[in-house]
Q: 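One structure, as structure tokens, below. Some questions next.
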Amino acid sequence: MDREWQLAHGRSLTLGPRALIMGVLNVTPDSFSDAGVHYSLDQALQGARKMIEDGASIIDVGGESTRPGAARVEPSVEQSRILPVIDALAKQDDIIISVDTYREETARLAVEAGAHIVNDVWGVQREPAIADLAARTGAGLVIMHTGRERERDPDVIADQFAFLNRSLEIARLAGVSDSQIVLDPGFGFAKDTDENIALMDRFSELAAFGYPFLAGTSRKRFLGAVSGGEANERDVVTAASSAILRLAGADIFRVHDIAMSRSTLNLADAMLDNRGKRP
């Protein structure tokens with residue numbers, strides 16, 4: 001089912017007919033697979049432009065690594081890394097910008113600088129004021145599931161519903177429109193290999209939420225556990241996982257290697273088109 005994803009600054013994206021790619025632009029020295037690659041402003045802008053050329057629809061800019069065990073940075077450090085990049089990208093009309101942060105202050109400054117989407121890995125539960133910000137600005141809001149720092153249901157799908165329903169309650173009470181919300185099951189994020197594989201296998205059950213979904217399996221440790229290879233050698237299996245999840249109902253894919261994922265997602269989209277033509 002096609003739907004419009006409402007974003008800040010009067011922008012929107014159509015979800016449904018074609019898989020959309022969110023390119024990962026980590027402006028950090030310590031991200032798990034691309035540390036320092038986009039650390040300077042020039043590197044970040046060149047990287048973003050290449051992602052758009054390769055088929056990304058969204059650039060997700062982050063200033064703090066979320067890998068397991070990564071040290072947290074001060075908000076001022078996070079902001080000094082990402083705000084110049086967002087400000088420069090916002091001057092290019094063809095780029096939709098997402099900010100990868102769980103801090104309301106950072107999200108607010110990013111939207112003011114031109115970001116269209118807030119991608120919160122704590123599902124608006126660490127800083128619920130992010131939901132207020134989204135309601136006030138009309139920003140797109142990615143609400144991600146995490147298993148960190150809490151008790152979890154042993155059933156991976158039951159835990160998705162328990163956590164994400166709480167997040168959705170926060171968003172709705174803040175006045176966030178359904179048309180602004182995309183959910184993310186949070187591959188990785190305190191889930192072991194078996195749990196991530198089960199989540200992939202049962203992904204279609206999440207359609208019961210009635211919201212579009214973003215999938216971020218790119219270069220994750222569980223993919224290495226089943227296929228081998230270090231983080232920067234997992235792009236083939238990432239692309240395969242994205243195609244599988246597209247056929248199971250995901251709409252947006254957060255990846256590092258844009259071109260490879262675009263090719264595999266084109267195949268998945270062709271299969272979905274064929275399904276729609278069946279009598």
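Basis for what follows: all heavy atoms, side chains included, without hydrogens, waters or symmetry-related copies.
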Q: Salt bridge check, Arg221 against Glu230: does any charged N sit closer than 4.0 Å to a carboxylate O?
A: no
Q: Which pairs, with at least one residue in residues 127-141 and sequence neighbours excluded, count as a side chain to side chain donor-acceptor pair (under 3.5 Å)?
A: none
Q: How close do Ile258 and Ala56 get, counting heavy atoms only, and between which atoms?
A: CG2-N, 3.5 Å
Q: Parallel, tilted or perpendicular for Phe209 and Phe161, by the 30°/60° rule?
A: parallel
Q: Is there a side-chain contact between Leu206 and Pro185, using heavy atoms and a 4.5 Å cut-off?
A: yes
Q: If you measure from CH2 on Trp5 to OG1 on Thr14, what distance do you get to the nearest 0.5 Å?
A: 12.0 Å
Q: Going by atom types alone, do Tyr102 and Glu64 pair a side-chain donor with an acceptor below 3.5 Å?
A: yes
Q: Give me the atom names and distance for the closest heavy-atom approach of Leu45 to Leu89.
A: CD2-CD2, 3.7 Å
Q: Between the main-chain N or O of Ser76 and the side-chain N or O of Arg81, is there a donor-acceptor pair closer than 3.5 Å?
A: no
Q: Between Asp87 (side chain only) and Leu83 (backbone N and O only), is there a donor and an acceptor less than 3.5 Å apart?
A: no
Q: Side-chain contact, heavy-atom cut-off 4.5 Å: Ile157 with Leu199?
A: yes
Q: With the side chain counted from C-beta on, respond yes when Leu20 and Asp251 share a heavy-atom pair under 4.5 Å apart, and no when they do not.
A: no
Q: Please determine which of Leu25, Ile117, Ile86 meets the side-chain contact (heavy atoms from CB on, under 4.5 Å) test together with Ile97.
A: Ile86
Q: Before accepting this row, confirm whether a basic side-chain N of the pair Arg49/Asp94 lies closer than 4.0 Å to the acidic partner's carboxylate O.
A: yes
Q: If we only count heavy atoms from C-beta on, is the Val99 to Val61 side-chain gap below 4.5 Å?
A: no
Q: Does a side-chain heavy-atom distance below 4.5 Å link Ser98 with Val142?
A: no
Q: Can you tell whether the side chains of Glu53 and Lys50 come within less than 4.0 Å, N to carboxylate O?
A: no
Q: Please say yes or no: joined through hydrophobic side-chain contacts below 4.5 Å, possibly via intermediate residues, are Ile58 and Tyr211 part of one cluster?
A: no
Q: Only one of Thr264, Leu267, Asn266, Leu265 clears side-chain contact (heavy atoms from CB on, under 4.5 Å) with Arg246; which?
A: Leu265
Q: Can you find a side-chain donor-acceptor pair between Glu205 and Gln160 that sits under 3.5 Å?
A: no
Q: Between Arg262 and Asp269, is there a side-chain N and carboxylate O pair less than 4.0 Å apart?
A: yes
Q: Do Arg3 and Pro212 touch side chain to side chain, with heavy atoms closer than 4.5 Å?
A: yes
Q: Is Leu133 reachable from Leu7 through a run of hydrophobic residues whose side-chain heavy atoms are each under 4.5 Å from the next?
A: no
Q: Please confirm whether the backbone N or O of Ala139 pairs with a side-chain atom of Gln180, one donor and one acceptor, at under 3.5 Å?
A: yes
Q: Is there a donor in the side chain of Asp159 and an acceptor in the side chain of His145, or the other way round, less than 3.5 Å apart?
A: yes
Q: Check this for me: does any side-chain nitrogen of one of Asp120 and Arg103 sit under 4.0 Å from a carboxylate oxygen of the other?
A: no
Q: Do the non-hydrogen side-chain atoms of Val121 and Asp184 ever get within less than 4.5 Å of each other?
A: no
Q: If I compare all heavy atoms of Phe187 with all of Lys220, which pair ends up nearest, and what's the gap?
A: O-NZ, 2.6 Å
Q: For Arg219 and Arg234, work out which heavy atoms get closest and say how close.
A: O-NH1, 2.9 Å
Q: Does Asp273 come within less than 4.0 Å of Lys277, counting only side-chain N to carboxylate O?
A: no
Q: Tell me whether Phe213 is reachable from Ile244 by hopping between hydrophobic residues (I, L, V, M, F, W, Y) whose side-chain heavy atoms are closer than 4.5 Å.
A: yes
Q: Tell me, do Val24 and Asp60 make a side-chain contact under 4.5 Å, heavy atoms counted?
A: no
Q: One thing to verify: whether Glu149 and Arg126 come together as a salt bridge, which I'm taking to mean a side-chain N less than 4.0 angstrom from a carboxylate O.
A: yes
Q: Would you name the heavy atoms of Thr238 and Ser241 that are closest together and state the gap between them?
A: O-OG, 2.7 Å
Q: Between Ser12 and Glu4, what is the shortest heavy-atom contact and its length?
A: OG-OE1, 3.1 Å
Q: In this structure, which one of Ile59, Asn119, Asp100, Val182 forms a side-chain contact (heavy atoms from CB on, under 4.5 Å) with Met22?
A: Asn119
Q: Would a hydrophobic clustering, with Ile, Leu, Val, Met, Phe, Trp and Tyr connected at side-chain separations under 4.5 Å, put Ile21 with Met144?
A: no
Q: So if you build clusters from Ile, Leu, Val, Met, Phe, Trp, Tyr with side-chain heavy-atom gaps below 4.5 Å, do Val176 and Trp122 land together?
A: no
Q: Closer than 3.5 angstrom, by distance alone: can the side chain of His256 be matched with the main-chain N or O of Asp235 as a donor-acceptor pair?
A: no
